[in-house]
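We count residues from 1, following the sequence as given. Atom set for the values below is all heavy atoms of this structure, side chains included, hydrogens, waters and symmetry mates excluded.
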Amino acid sequence: MTYDSGKMRLMPVATKSIGEVNDCYICRDLNSSGGILYTVLVIHQHDVVRKVLELLEFSGRNGRETIVDSFACGQQHILVFPYHNERPLFDFYEGESLTLAQCEEVCISTILACITSDLPYPILHLLLRNGMLNLSVDRSVFFGYEMDLKELNENVTEKECTDLCARTLLLLLKPKAGQKATSYYLLDKKVTNGSYHRFTDLYRDITIAAVTNKKITPWFLFKLWIKRNSDTIIGILFWISLILAVIALSIVLSRLLLGENSWLRLLFNTFKKIGTESLLQ
């Protein structure tokens, strides 16, 4: 069986899971000669398709930077994600043999993977809960995208995702608890109190407490603010552009219909006379 979107023709080469709501395959694109593999979710339950599409459309996190393709195929809906060689984080993480600085670098990379993911928070939470974090050879962290959408809770927010990420970091730092690591004890206290609501707060605490040189910068916060508020910024720019376009069009039309500088005359000529008296005398 193949799944054809017009630009991609996906053929399964491995089955990851078969579920009540969706199946997950590793697929090769037959329209590409590069042999690139993709993680492909085949959703066959209509109410779940609706939930996922609504999240992508209205949650403010549309997945455009992550989802390679999204299309209907018969009675099913297909979501195509990147595929990378799997290296599950806790299978390849060796906290005891790493320095505290190296452990904290893995923690920072984990937070950044969550921050830069543009997937809706309910989907991000599903990935975090199911252990879809992977550790590359250079100790950077990336996501895998195998998931069972039967477990999807569309009411999950950034708070739940941040709390789950913070608990993951505690496990990463636990081997260094005996070194009185500031980052570990700060996280432990705040997770216990349920203090984390945003990934930026978690990132700030780790970078401030860490012994690494990777500190938070104003430029990073500015880029993060732009990313978080991109929809609002685009909306404001659209309305400003529309107002300027209307003004420019009115000037052009007034010149065409009433002659050069007519727009200014229409604006100011009304003030040349007050009652029966001319102001030009």
Discussion item. Pair Arg167, Asp163 - check salt bridge (charged side-chain N to carboxylate O under 4.0 Å, His left out), show working.
Written reply: CA-CA 6 Å; Arg167 293 176 185 276; Asp163 181 74; 2.9 Å; yes

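- Counting all heavy atoms, side chain and backbone alike, Pro82 lies closest to Thr39 at O-OG1, 3.4 Å.
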Item to complete: Take Met147 and Cys24 through the test side-chain contact (heavy atoms from CB on, under 4.5 Å) and record every step on the way to the result.
Response: CA-CA 7 Å; Met147 65 187 90; Cys24 182; over 6 Å; no

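- Here ring pair (Phe, Tyr, Trp, His ring centres under 6.0 Å) pairs that include residues 35-60, with residues two or more places apart or in two chains, number zero.
- By the 4.5 Å heavy-atom criterion applied to side chains, Ile43 and Gln76 are not counted as neighbours.
- Looking at Tyr93, its side chain does come within 3.5 Å of a backbone N or O of Leu172 through a donor-acceptor pair.
- Heavy atoms only, all atoms of each residue included: Leu124 and Cys114 are closest at CD2-O, 4.1 Å.
- Two residues are said to be in side-chain contact when any heavy atoms from C-beta on lie closer than 4.5 Å; Thr168 and Leu133 meet this criterion.
- No path of Ile, Leu, Val, Met, Phe, Trp and Tyr side chains, each step under 4.5 Å between heavy atoms, connects Leu53 with Tyr3, placing them in separate hydrophobic clusters.
- In this structure, Ser109 contributes its side chain and Glu105 its backbone to no donor-acceptor pair below 3.5 Å.
- A 6.0 Å sphere centred on NZ of Lys190 holds more than 12 heavy atoms belonging to other residues, nucleotides or ligands.
- Side chain of Asn193 to main chain of Lys189: a donor-acceptor pair is present (N/O by atom type, distance under 3.5 Å, no hydrogens or angles).
- Ion pairing between a basic and an acidic side chain is recognised when a charged N comes within 4.0 Å of a carboxylate O; Arg129 and Glu151 show such pairing.
- Checking side-chain atoms of Ser117 against main-chain N and O of Ala113 turns up no donor-acceptor pair under 3.5 Å.
- Judged by distance alone, the side chains of Asp138 and Ser136 do bring a donor and an acceptor atom under 3.5 Å apart.
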Worksheet item: Given Leu55 and Leu119, is the side-chain contact (heavy atoms from CB on, under 4.5 Å) satisfied, shown in steps?
Response: CA-CA 9 Å; Leu55 284 172; Leu119 292 171; over 6 Å; no

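- The two atoms that bring Asp29 and Lys7 nearest to each other are OD2-O, 4.3 Å, heavy atoms only.
- The closest side-chain heavy-atom distance from Ser59 to Tyr121 is not below 4.5 Å.
- Rounding to the nearest 0.5 Å gives a distance of 10.0 Å between NE2 of His125 and NZ of Lys159.
- Expressed to the nearest 0.5 Å, how far SG of Cys27 lies from OH of Tyr83 amounts to 11.5 Å.
- A distance of 12.5 Å separates CG in Leu149 from CG in Asn153, rounded to the nearest 0.5 Å.
- Between Thr157 and Glu160, the closest side-chain pair of non-hydrogen atoms falls below 4.5 Å.
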Practice prompt. Decide yes or no on side-chain contact (heavy atoms from CB on, under 4.5 Å) for Leu187 and Ile206, but give the supporting numbers first.
Written response: CA-CA 8 Å; Leu187 270 181; Ile206 290 295; 3.6 Å; yes

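- Although no hydrogens or angles enter the test, the distance criterion places a donor-acceptor pair under 3.5 Å between the side chain of Gln102 and the main chain of Thr99.
- Side chains of Asn134 and Pro88 form a contact here, defined as non-hydrogen atoms less than 4.5 Å apart.
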Worksheet item: Yes or no on salt bridge (charged side-chain N to carboxylate O under 4.0 Å, His left out) for Glu86 and Lys16, after CA distance, side-chain angles and deciding distance?
Response: CA-CA 12 Å; Glu86 298 170 359; Lys16 298 296 292 181; 3.0 Å; yes

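- Side chain of Tyr185 to main chain of Ala177: a donor-acceptor pair is present (N/O by atom type, distance under 3.5 Å, no hydrogens or angles).
- Using bins of under 30°, 30° to 60° and over 60° for the plane-to-plane angle, the ring pair Phe81/Tyr145 lands in the parallel bin.
- Within the model, atoms CZ of Phe71 and CG of Asp69 stand 5.5 Å from one another, a figure rounded to the nearest 0.5 Å.
- When the shell of 6.0 Å around CD of Glu54 is examined, it contains more than 12 heavy atoms from other residues, nucleotides or ligands.
- The shortest heavy-atom contact between Ser70 and His77 is OG-NE2, 2.8 Å.
- Under the 4.5 Å side-chain heavy-atom criterion for ILVMFWY residues, a single connected hydrophobic cluster contains both Val106 and Leu128.
- Put simply, the side chain of Leu135 does not reach to within 4.5 Å of the side chain of Phe90, judged on heavy atoms.
- Following chains of ILVMFWY side-chain contacts shorter than 4.5 Å, one cannot reach Val191 starting from Val156, and the two form parts of different hydrophobic clusters.
- With rounding to the nearest 0.5 angstrom, the CD1 atom of Ile115 is 11.0 Å from the OG1 atom of Thr110.
- Under the 4.5 Å side-chain heavy-atom criterion for ILVMFWY residues, no single connected hydrophobic cluster contains both Ile78 and Leu30.
- Linking ILVMFWY side-chain heavy atoms closer than 4.5 Å, directly or via other members, places Leu37 and Val80 in two distinct hydrophobic clusters.
- Proximity of a side-chain donor or acceptor of Thr207 to a complementary backbone N or O of Arg204 within less than 3.5 Å is detected.
- Residue Thr2 comes nearest to Met11 through the heavy atom pair CG2-CB, 4.1 Å, listed as atom of the first residue, atom of the second, then distance.
- Counting only heavy atoms from C-beta outward, the side chains of Val13 and Tyr25 never approach each other to under 4.5 Å.
- Between the side chain of Gln45 and the backbone N or O of Asn22, no donor-acceptor pair lies under 3.5 Å.
- Counting only distance, with no hydrogens or angles, the side chain of Lys176 and the backbone of Glu104 share no donor-acceptor pair below 3.5 Å.
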Discussion item. Go through it in stages, so that I can follow the logic: the residues are Leu10 and Arg28, the test is side-chain contact (heavy atoms from CB on, under 4.5 Å), and I'd like the CA-CA distance, side-chain angles, deciding distance and then a yes or no.
Written reply: CA-CA 6 Å; Leu10 299 161; Arg28 177 175 286 109; over 6 Å; no

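- The backbone N or O of Asp118 sits nowhere less than 3.5 Å from a side-chain atom of Asn62 that would complete a donor-acceptor pair.
- Interatomic distance, Asp205 CG to Leu186 CG, rounded to the nearest 0.5 Å: 4.5 Å.
- Asp47 and Arg50 are not joined by a salt bridge, as no carboxylate oxygen comes within less than 4.0 angstrom of a charged side-chain nitrogen.
- Among all heavy-atom pairs drawn from Arg9 and Asn31, the shortest one is N-ND2, 3.5 Å.
- For the pair Ile26 and Val40, the minimum side-chain heavy-atom distance is 4.5 Å or more.
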